[in-house]
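Take a look at the structure set out below.
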Amino acid sequence: MPHLIGPDFIGLQVADLDSARAFYTDTVGLTPASFAPPGAVVFDTRPIPFAVRTPVVELEATRPLGHGISLWFGCDDADTLHDHLEAKGVTIAFAPKDGPFGRYFAFEDPFGYTITAHTVAQEG
């Protein structure tokens with residue numbers, strides 16, 4: 001029987017690709033990958049690639065965006081990232097707290113998506 005293996009790519013549809021690129025690079029600190037298909041910005045994230053892209057649906061008809069979906073991104077220090085984003089004026093959905101996967105918090109991107117960031121133990 002065919003079966004799913006697991007998440008392999010995450011893409012968010014956004015109304016303004018240039019603003020999304022700027023937010024995720026300049027504010028959040030992601031690095032764009034060296035290649036992306038037309039109408040998309042792919043970021044150099046691991047282990048799963050993340051991208052923003054032009055919409056394939058009418059976004060205004062699908063509010064709130066991402067309702068019912070939880071996107072978690074690993075980071076090196078949730079508290080420091082929280083403080084950085086808060087200082088940049090990013091809306092914080094909830095402040096850092098301890099959870100089953102370590103320290104975490106959530107923020108809202110300018111397009112209506114809520115992103116959770118959690119501290120990931122560094123290899124070494």
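Here the structure is a predicted model, which means the values were calculated and not measured. Numbering of residues begins at 1 and proceeds along the displayed sequence.
- Contact detail for Ala117 and Ala78: the closest heavy-atom pair is O-CB, 4.2 Å.
- Asp79 and Arg103 make their closest contact through OD2-NE, 3.0 Å (heavy atoms, listed as atom of the first residue, atom of the second, distance).
- Distance OG1/Thr31 to OH/Tyr24: 15.0 Å, rounded to 0.5 Å.
- When every heavy atom of Ser70 is checked against every heavy atom of Trp72, the shortest pair comes out as OG-NE1, 2.8 Å.
- Under the 4.5 Å side-chain heavy-atom criterion for grouping Ile, Leu, Val, Met, Phe, Trp and Tyr, Val52 is connected to Ile48 within one hydrophobic cluster.
- The aromatic rings of Phe111 and Phe23 lie perpendicular to each other, with more than 60° between the two planes, well past the 30° mark.
- Looking at heavy atoms from C-beta onward, Val14 lies out of side-chain contact with Ser19 at the 4.5 angstrom threshold.
- Of all non-hydrogen atoms in Ala40 and Leu17, the two that sit nearest each other are N-CD2, 3.8 Å.
- Open room surrounds CZ on Phe101; 12 or fewer heavy atoms of other groups in view lie less than 6.0 Å from it.
- No single ILVMFWY cluster, assembled from side-chain heavy atoms under 4.5 Å apart, contains both Val120 and Phe43.
- Residues meeting the side chain to side chain donor-acceptor pair (under 3.5 Å) test with Glu60, sequence neighbours left out: Arg63.
- Remark: side-chain polar atoms of His84 are paired, donor with acceptor, to backbone N or O of Thr27 under 3.5 angstrom.
- The side chain to side chain donor-acceptor pair (under 3.5 Å) search around Thr80 returns Asp77, not counting sequence neighbours.
- A distance-only check finds a donor-acceptor pair linking the side chain of Asp109 to the backbone of Gly112 [under 3.5 Å].
- Linking Ile, Leu, Val, Met, Phe, Trp and Tyr residues whenever their side-chain heavy atoms come within less than 4.5 Å leaves Phe9 and Phe73 in two separate clusters.
- Around atom CG of Asp8, no more than 12 heavy atoms belonging to other residues, nucleotides or ligands sit under 6.0 Å away.
- A pairwise comparison of heavy atoms in Ala95 and Ile92 identifies N-CG2, 4.0 Å as the closest pair.
- Without hydrogens or angle criteria, Gln13 side chain to Val56 main chain gives a donor-acceptor distance under 3.5 Å.
- Residues Ile115 and Val28 are not in side-chain contact: their nearest non-hydrogen atoms beyond the backbone lie 4.5 Å or more apart.
- Summarising the geometry, atom CZ belonging to Phe107 is positioned 6.5 Å from atom CG belonging to Leu81; distances are rounded to the nearest 0.5 Å.
- Between Ala15 and Leu59, the shortest heavy-atom distance links the atoms N-CD1, 3.5 Å.
- With rounding to the nearest 0.5 Å, the separation of NZ in Lys97 from OH in Tyr104 is 4.0 Å.
- Thr91 OG1 to Leu85 CG: the interatomic distance, rounded to the nearest 0.5 Å, is 10.5 Å.
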